[in-house]
Amino acid sequence: MGIEVDPKLLELAFTHRSFAYESGGLPTNERLEFLGDSVLGLVVTEELYQKFPDLAESKLSPLRSGVVNMKALAEIARSLELGQYLRIGKGEETTHGREKNSILSDSLEALVGAIYLQFGYQPTAKIVASWFTQQIDLVQTQGTIVDPKTSLQELSSKLGLGKLDYEITQSGPDHDKDFVAKALINGKMYEPGYGKSKREAEQEAAKLALKELEKFNP
């Protein structure tokens, strides 16, 4: 990335809760992830605001959701080869945790948080913006990329189907949770989506509900 990040910050950024749990309760990367998520969102929002001066807020918001999503973040993490540096527990190791989108995307957000703490906003923004150049350029040439949740919200609203909500259940220990989400539209429940995070499960549930709705509303 052209910068040298403090080793202690990097170690924290790459410490997954599964490793921390198995090691007797070490600090995890979740606080850095929380910080990095906000910084990353601001950087991408600013980039889109500048590149699309004629788009209204109603268009910019789903555009941002389409650019900053778990899959996109995970792909960036893979391009940086972050997986090899992660500190994950034995359970995650056996289930290929280093390749999981949820873990990779969270770790990238934590890395952003670490860079921000050490270098401040402008250097961090320059690095983050460079990661998303290709995806934003793709949006400019091929149109808005919209994530499944946003697409489902727009379609259900367009069809006048009523309130959209998600029913979430979770299982497993704190360091290795599994989430199940079901989309509910005006009381009708659709097929469940599964994931290692609430966000991932909701996106999968929205994708399944979209497929069902589009059968009858092409």
Side-chain angles (χ1 to χ4, degrees), residues 16-18 28-45 48-49 52 55-75 77 95 97 100-110 112-113 132 135 139 143-218:
H16 187 254
R17 62 177 178 268
S18 60
T28 75
N29 64 0
E30 291 177 354
R31 281 173 53 84
L32 281 178
E33 176 196 336
F34 170 78
L35 176 62
D37 176 62
S38 295
V39 175
L40 194 153
L42 176 58
V43 173
V44 173
T45 299
L48 294 173
Y49 184 87
F52 299 95
L55 282 186
E57 183 277 336
S58 60
K59 298 294 184 181
L60 286 171
S61 185
L63 187 59
R64 179 181 57 195
S65 298
V67 172
V68 184
N69 57 60
M70 182 184 298
K71 183 178 179 182
L73 298 186
E75 286 305 312
T95 57
K100 290 180 180 177
N101 284 351
S102 58
I103 292 179
L104 286 170
S105 60
D106 289 348
S107 299
L108 184 73
E109 290 175 340
V112 172
F132 287 92
Q135 189 146 352
V139 169
T144 302
I145 298 174
V146 182
D147 66 285
K149 281 185 67 178
T150 302
S151 295
L152 182 60
Q153 179 68 56
E154 291 180 349
L155 181 58
S156 62
S157 177
K158 177 183 176 182
L159 298 174
L161 298 179
K163 183 182 179 183
L164 167 63
D165 207 348
Y166 292 89
E167 181 182 279
I168 308 293
T169 57
Q170 56 181 303
S171 60
D174 287 342
H175 66 283
D176 188 24
K177 285 189 176 296
D178 293 293
F179 292 83
V180 180
K182 296 178 183 178
L184 290 164
I185 302 177
N186 199 25
K188 180 179 179 179
M189 185 175 291
Y190 293 81
E191 287 186 63
Y194 302 88
K196 296 302 291 184
S197 70
K198 177 182 175 183
R199 180 170 57 182
E200 185 178 18
E202 286 180 340
Q203 293 286 15
E204 287 301 313
K207 191 183 299 182
L208 292 168
L210 270 172
K211 286 183 180 179
E212 187 68 21
L213 284 178
E214 287 169 352
K215 289 179 183 178
F216 305 100
N217 301 278

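Keep in mind that this is a model prediction, so the values were computed, not measured.
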With Asp178 via side-chain hydrogen bond (donor to acceptor under 3.5 Å, both in side chains) - residues at least two apart:
Lys196
Restricting to side-chain hydrogen bond (donor to acceptor under 3.5 Å, both in side chains), what partner residues turn up for Lys182, sequence neighbours left out?
none
Answer whether the closest heavy-atom distance between the side chains of Thr95 and Lys100 falls below 4.5 Å.
yes
Checking Ile103, Asn29, Thr28 against Arg17 for side-chain contact (heavy atoms from CB on, under 4.5 Å), the one that qualifies is Thr28
Taking all heavy atoms of Gly195 and all of Ala201, pick out the closest pair and write down the distance.
N-CB, 3.9 Å
Looking at Leu48 and Leu60, what are the two nearest heavy atoms and their distance?
O-CD2, 4.0 Å
Taking all non-hydrogen atoms of both residues into account, name the closest pair between Gly162 and Ile185 and its distance.
O-CG2, 4.3 Å
When you look at Arg64 and Thr45, which way does the side-chain hydrogen bond (donor to acceptor under 3.5 Å, both in side chains) test go after all the steps?
CA-CA 6 Å; Arg64 179 181 57 195; Thr45 299; 3.0 Å; yes
Met70 CE to Asp106 CG distance, which is reported to the nearest 0.5 Å:
6.5 Å
In this structure, CD of Glu202 is separated from OG of Ser197 (nearest 0.5 Å) by 8.5 Å
Side chains of Tyr190 and Leu152 in contact at under 4.5 Å (non-hydrogen atoms)
no
Distance-minimising heavy-atom pair for Ala183 and Ala205
N-CB, 4.1 Å
For Ser102 against Glu200, the heavy-atom pair lying closest together
CB-OE1, 3.8 Å
Nearest heavy-atom approach of Gly113 to Leu35 is O-CD2, 3.8 Å
Is there side-chain contact between Val112 and Val43, with at least one heavy-atom pair below 4.5 Å?
no
Going from CG on Asn101 to CD on Glu75, what distance comes out if it is rounded to the nearest 0.5 angstrom?
7.0 Å
Salt-bridge contact Glu204-Lys207 (side-chain N to carboxylate O under 4.0 Å):
yes
